[in-house]
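Proteins get letters first, then strands, A, B, ... in listed order; numbering begins at 1 in each. Computation of the quantities below employed the complete heavy-atom set of this structure, encompassing side-chain atoms and omitting hydrogens, waters and symmetry-equivalent molecules.
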Number of protein chains: 4
Amino acid sequence: MLSKGEGQVAMTPSGGLRADARRNRARILAAAGEVFAERGASAATEEVARRAGVAIGTVFRHFPTKDDLLRALMKDLLERLTEQVGRLAADGDPATALFDFFASLVEQAAARKSVVELLATAGTDVQVTAAVQSLRDGIARLLTRAQQAGAVRADVQAGEVMALLTSTGQGALQGGWDIELQARALAVIFAGLRAPAAAVRPASPRA
Amino acid sequence: MLSKGEGQVAMTPSGGLRADARRNRARILAAAGEVFAERGASAATEEVARRAGVAIGTVFRHFPTKDDLLRALMKDLLERLTEQVGRLAADGDPATALFDFFASLVEQAAARKSVVELLATAGTDVQVTAAVQSLRDGIARLLTRAQQAGAVRADVQAGEVMALLTSTGQGALQGGWDIELQARALAVIFAGLRAPAAAVRPASPRA
Amino acid sequence: MLSKGEGQVAMTPSGGLRADARRNRARILAAAGEVFAERGASAATEEVARRAGVAIGTVFRHFPTKDDLLRALMKDLLERLTEQVGRLAADGDPATALFDFFASLVEQAAARKSVVELLATAGTDVQVTAAVQSLRDGIARLLTRAQQAGAVRADVQAGEVMALLTSTGQGALQGGWDIELQARALAVIFAGLRAPAAAVRPASPRA
Amino acid sequence: MLSKGEGQVAMTPSGGLRADARRNRARILAAAGEVFAERGASAATEEVARRAGVAIGTVFRHFPTKDDLLRALMKDLLERLTEQVGRLAADGDPATALFDFFASLVEQAAARKSVVELLATAGTDVQVTAAVQSLRDGIARLLTRAQQAGAVRADVQAGEVMALLTSTGQGALQGGWDIELQARALAVIFAGLRAPAAAVRPASPRA
DNA sequence: GATGAATGAGAGTTCATTCAT
DNA sequence: AATGAATGAACTCTCATTCAT
């Protein structure tokens, strides 16, 4: 899944397209979102076409490869998340914005099946990498503000926040966490972000 | 992957089998471990056969379904982990055993590709469910002891420990965490387990 | 390729067309010539459109079927060849004109990929059949004159000249004959045309 | 068609295969011969499977790629031709063997559709190249003997004999030559091989 | 019991052709 | 008339599973 960087996106995602083409592109992305959410990334492209109400050829005209479709979906998702992060950085309470975002992502993941399955495969494609970077930047900003507000301890870095974010999302998704489990797991992580640096040994290679 | 509960394992895993049959079963499991670790659960069963040095028919005689093979692999893994937990509960330092185990799992996950991909899909099959339960029990024991030693705060439950365990493992795996990132992410979680209960709102449904 | 006779050419090739339409028709034919020459008759029609600088719909408006396009191309080619034959019949040296034409065709074939691939599929379409007939007539004239000049022996007929012409062209094309091989192969055929009728058995059905 | 050299033939064509596998392989090759003969190389592989009375998967197990099937077919054909040449070189009349073989090939080509379509695409694959070389060697031997018998003039080389052979075969095939046309065309070529070297200009680049 | 060839449903992808804009 | 998006049949290839040897 999500191999190489070939296949280039052949068209401006929302640029000079005919009205119907743009409509179809959106429909396909929406359908793909649903389908891959329900059935995982291995769902058939034909199902996406059916759900979008177009013929299979149309899907392939817009996304020459299944990979391209997956990539576009991921880019879309990342952009939406980045936007959300941006809003929180502007309006949100510095002390809670990071936690709110974290919680919201886990919640989404528990509902949709591929959100994080996709997030986890970043680094494949230029456009996607850029989108991931944007998200990471936004999160870094949330983090800094939370640290300035004293809500997160100073030595936490954006890297581990991202890492915990994606893995918790992934876990919520595949484990089918109920809302209470979500809350409890997040409580641990939030406490960990907030607590004064505990002197914990890193992974001890034996055990 | 790992669907339904059909296909029940058809033979006593180690019961009345001819010597060569038992040897083949072990070989296949080992090969499957490697192959699925390298290529993920979508790897071809034929590759497993090749790696095990048997014909494809032999694989299917032992595991009537690919799902059965995957389940058996999972059961195997869970048993090994449970054993490890048992040893830690007996010999380990109450204050650190839980952390050690957590760290060790994340580490394994970063190396092998399906360990947690499998763990995350628990709940499918009677035998597997039982194995999961054993592991959960072991972890609960580690947890209790850590709490008694004052290393983990009192209101943490085994559920979220398991949840964080699998999701962090999964994340380490798919995200390709380097050793430093592993350490930093674990530090957050460990701090969270140890810290006095922070007053954190659970997932706020909007955001 | 070049099936049936359906799809009849729907428009007067150069009749009452708007200026831009006529220009497009010419462009498309030129592009088709290049594309099919490079990639063979199985090249995609869309590539022809791209090369011609028009949209795919325009190609199909001018040539309702890919076959029609191929046929039109063939007719064009045959007309050009017929013209060439006509010039040779008027101005050329009776003793060498036939050989010159033969050589020139083989040469062209070695360079362009579909010239003879097309020639060889004659007989499909009224208009094309007519064009083939014209060419055959021209060649017959060259032949007669060569025979009168004593350069070709008397019992050779136009049929086998055409046949050798197309097959040698085809061969030169697909075999990638270099210029020396072309010369040697032609030398054999030319000698055969010129030689006094050898008493050769026709194809003996066994071997 | 017939691209690259990948796809390697994965199994000894007639070596250590199970009886049924060997039988199927032969059946598939035979069916492929017929199908491609009738419909050309662009015929569907599924039709080959149907004609051979096996499932499509079986075809792909024996020939992992359509190209592999085509290549195998070609190798087969070349081997049969080489054998025929060998027999003629041993038993045949030196003065007529070359002509007989030439005639026999043209005749076969007129009947089967892909014989020469394939021959013409030689040079693609190691195994095939070797087979072509064998055929060329056999023909060279026929040629030498014919020259020694005084039936072919001395300066003719094997290269142009092969070239004329394939192109005439191709032509007979695609042109649908009737038996009389075959005889007449061959008569020209045979006379050309036999005649004292005529002083013919090679292809004159204008005309 | 082991072997490995056969099966056949399905997946991704291409492309001639149609038709709304 | 031109455009170019949509269509959908067809094609090659994969792989879990069955079954004759």
Ion pair Glu46(A)/Arg50(A), N-O distance below 4.0 Å: no
Expressed as a whole number of angstroms, how long is the span from Asp68(B):CG to dT18(F):P? 11 Å
With DNA chain F as reference, determine whether Asn24(C) or Glu46(B) sits nearer its 5' end, using the nearest nucleotide of each. Asn24(C)
Whole-Å distance separating the NZ atom of Lys66(A) from the P atom of dT13(E): 9 Å
Under a 4.0 Å threshold between the charged nitrogen and the carboxylate oxygen, would Arg51(C) count as salt-bridged to Glu38(C)? yes
Who pairs with dC15(E) - Watson-Crick or G-U, where each distance is under 3.5 Å: dG8(F)
What is the distance from CZ of Phe60(B) to P of dA20(F), rounded to the nearest Å? 18 Å
Starting at CG of Leu70(C) and ending at C1' of dC15(E), how long is that distance when rounded to a whole Å? 15 Å
Roughly, in whole Å, what's the span from CD1 in Ile28(B) to P in dG1(E)? 13 Å
At under 4.0 Å between heavy atoms, what does Ala43(D) touch on the DNA or RNA strands: base, sugar-phosphate, or nothing? sugar-phosphate
Closest nucleotide among dG1(E), dA11(E), dT13(E) to the Ala44(A) side chain: dA11(E)
Answer with base, sugar-phosphate or nothing: what part of the nucleic acid does Thr58(D) contact at a heavy-atom distance below 4.0 Å? base
By the Watson-Crick or G-U definition, both distances under 3.5 Å, dT21(F) is matched with dA2(E)
Looking at Asp20(B) and Arg23(B), is there a salt bridge between them, counting it only when a charged N and a carboxylate O are closer than 4.0 Å? no
Map Asp20(D) and Thr45(C) onto DNA chain E by nearest heavy atom, then report which one ends up closer to the 5' terminus. Asp20(D)
Can you tell me which nucleotide in dA5(F), dA6(E), dA2(E) comes closest to the side chain of Arg61(A)? dA5(F)
Would you name the heavy atoms of Ile28(C) and Thr58(C) that are closest together and state the gap between them? CD1-O, 4.1 Å
Gly53(C) or Gly57(B), whichever maps to the more 5' nucleotide of DNA chain F: Gly53(C)
Rounded to whole Å, the CZ-P distance (Arg50(C) to dG4(F)) equals 12 Å
Counting just side-chain N and O atoms, does His62(C) come under 4.0 Å of either OP1 or OP2 of dA2(F)? yes
When every non-hydrogen atom of Leu73(D) is compared with those of Gly33(D), the smallest separation belongs to CD1-N, 3.9 Å
From CZ of Arg25(D) over to C1' of dG4(E), roughly how many Å is that when rounded to an integer? 17 Å
Picking from dT7(F), dA16(E), dT12(F), the nucleotide nearest the side-chain atoms of Val54(A) would be dT7(F)
Value in whole Å for how far the P atom of dC15(E) lies from CD1 of Ile56(C): 11 Å
